[in-house]
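The chains referred to below are lettered A, B, ... by the order of the sequence lines, with proteins before strands, and numbering in each begins at 1.
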Protein chains: 2
Amino acid sequence: MASSVRPKLPKNYELIYEIVQASGIGRHLTPSDIFAKAHKRRPGIGFSTVYRGLERLCELGLVSELNVPGVGAATYEPSGPRHAHFRCSACGGIEDVAYAIPPRTLKTLALQHGFKIATERVTFEGRCAACSF
Amino acid sequence: MASSVRPKLPKNYELIYEIVQASGIGRHLTPSDIFAKAHKRRPGIGFSTVYRGLERLCELGLVSELNVPGVGAATYEPSGPRHAHFRCSACGGIEDVAYAIPPRTLKTLALQHGFKIATERVTFEGRCAACSF
DNA sequence: TGTGAAAGTGAAAATCACTCTCAGCCCTTC
DNA sequence: GAAGGGCTGAGAGTGATTTTCACTTTCACA
């Protein structure tokens, strides 16, 4: 997909991208996770480089940042089709949910309020199947 | 609504509740804002009390916590009808948006995935009317 | 009213995620 | 191969939040 036209990146950024990609959609890595993995492959890489890389990759749309309330750190995942997230308030686990607000709804809201919507984030909270008992 | 049956709260928590209530729906206060206001009314109140109070009030459903990506601190607002939020990526302003995911959709998703949805958070991001030019 | 247990409290320190700065390095371009 | 710009790592700094602890208040019940 986007990889075919993506601009050349510094090799550390490539590394970060690979790590996030390798985690697969649905896995959610914190910057520290990513730093840990990156550090194994390229000891000496700095924390700031990881943050900078993630920021850049987000701008390019190659990875998505995910901010879940109640979780200290932001998490990152490979960017893919729009979807929502579900967080279990009991075990803290995060699941992907195949749901996106219909484009028509977005359009209507944007018109009503006079703003331009670039992204939407939907997070559900409750108890996952395993914690429901 | 919930106020009629709400359990008796320690007076500091009442104070915090009043402050958030007084801000009105659509205003978004950070813990520091709340602390500042609380401190005026009851000098000597501690920061930890404010955090503890907010946590409790959230649990009771009397106030809602709002975590907006890119904003350092969490913000709080009186709990009211379900609604979404819009954050302008240019000016950082936050607006309320009268939108909630239809209950039927929630039900379907919950059934599909086997979890119980207690709350949903919807945040849009883009440019507000004033920053659109 | 007296009493013990439980809950609440404030201050300060600790933690945690994240940002900033800066001097040096590397890679491209010419 | 020299110049310049982007990239880099380390470490200090920042700001939000949590934890801890000793003390106080509240409450149910005798």
Side-chain angles (χ1 to χ4, degrees), chain A residues 6-20 28-60 62-77 87 89 92 94 121 123, chain B residues 6-20 23 28-60 62-77 87 89 92 94 123:
Chain A
R6 105 179 112 90
K8 191 166 179 351
L9 292 172
K11 56 181 192 289
N12 278 331
Y13 293 12
E14 289 284 352
L15 172 61
I16 293 167
Y17 181 52
E18 271 172 38
I19 287 171
V20 178
H28 305 97
L29 300 176
T30 65
S32 328
D33 294 337
I34 296 167
F35 173 73
K37 283 173 196 282
H39 195 261
K40 271 196 195 134
R41 303 250 307 258
R42 208 192 300 290
I45 194 173
F47 215 78
S48 11
T49 302
V50 172
Y51 272 101
R52 270 186 297 240
L54 288 169
E55 193 185 348
R56 172 76 59 85
L57 292 167
C58 277
E59 276 169 21
L60 293 172
L62 297 169
V63 310
S64 337
E65 189 184 342
L66 172 59
N67 263 281
V68 177
V71 178
T75 57
Y76 295 82
E77 63 182 353
R87 180 175 120 85
S89 49
I94 296 172
R121 297 161 200 266
T123 311
Chain B
R6 104 178 112 92
K8 193 168 178 350
L9 292 172
K11 55 181 192 287
N12 277 331
Y13 293 13
E14 289 283 354
L15 172 62
I16 292 167
Y17 181 53
E18 272 172 38
I19 288 171
V20 178
S23 81
H28 306 98
L29 300 176
T30 64
S32 327
D33 294 337
I34 296 166
F35 172 73
K37 283 172 196 283
H39 195 260
K40 272 196 194 132
R41 303 250 308 258
R42 208 191 300 290
I45 193 173
F47 217 78
S48 15
T49 303
V50 172
Y51 272 100
R52 271 185 295 238
L54 288 170
E55 193 185 346
R56 172 76 57 86
L57 293 167
C58 277
E59 276 169 19
L60 294 171
L62 297 169
V63 309
S64 334
E65 188 183 344
L66 173 59
N67 262 282
V68 178
V71 177
T75 57
Y76 294 82
E77 63 182 353
R87 181 176 120 84
S89 49
I94 296 171
T123 311

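With D:dT17, C:dC18, D:dT8 as the candidates, the nucleotide lying closest to the side chain of B:Y51 is D:dT17. Checking D:dT17, C:dG8, C:dC18 against every side-chain atom of B:R56, the shortest atom distance belongs to C:dG8. Closest approach to the A:N12 side chain among D:dT8, C:dG10, C:dA17 is made by D:dT8 (side chain taken as heavy atoms from C-beta onward).
With rounding to whole Å, B:L54 atom CG is found 13 Å from D:dA16 atom C1'. In this structure, A:F47 places its CZ atom 8 Å from C1' of C:dC18, rounding to the nearest Å. When the P atom of C:dC18 is taken as reference, atom CZ of A:R52 falls 15 Å away, rounded to whole Å. The distance from atom NE2 of A:H39 to atom C1' of D:dA10 is 12 Å, rounded to the nearest whole Å. Atom CZ in A:F35 sits about 16 Å away from atom P in C:dC16, given to the nearest Å. Straight-line distance from the CG atom of A:L57 to the P atom of D:dC7: 12 Å, rounded to whole Å. Summarising the geometry, the separation between NZ on A:K11 and P on C:dC26 is reported as 8 Å, rounded to the nearest angstrom.
Side-chain atoms of B:R42 stay outside donor-acceptor range of the base of C:dG10, with no qualifying N/O pair under 3.5 Å.
Between B:S48 and B:P10, the residue whose closest nucleotide on DNA chain C is further toward the 5' end is B:P10.
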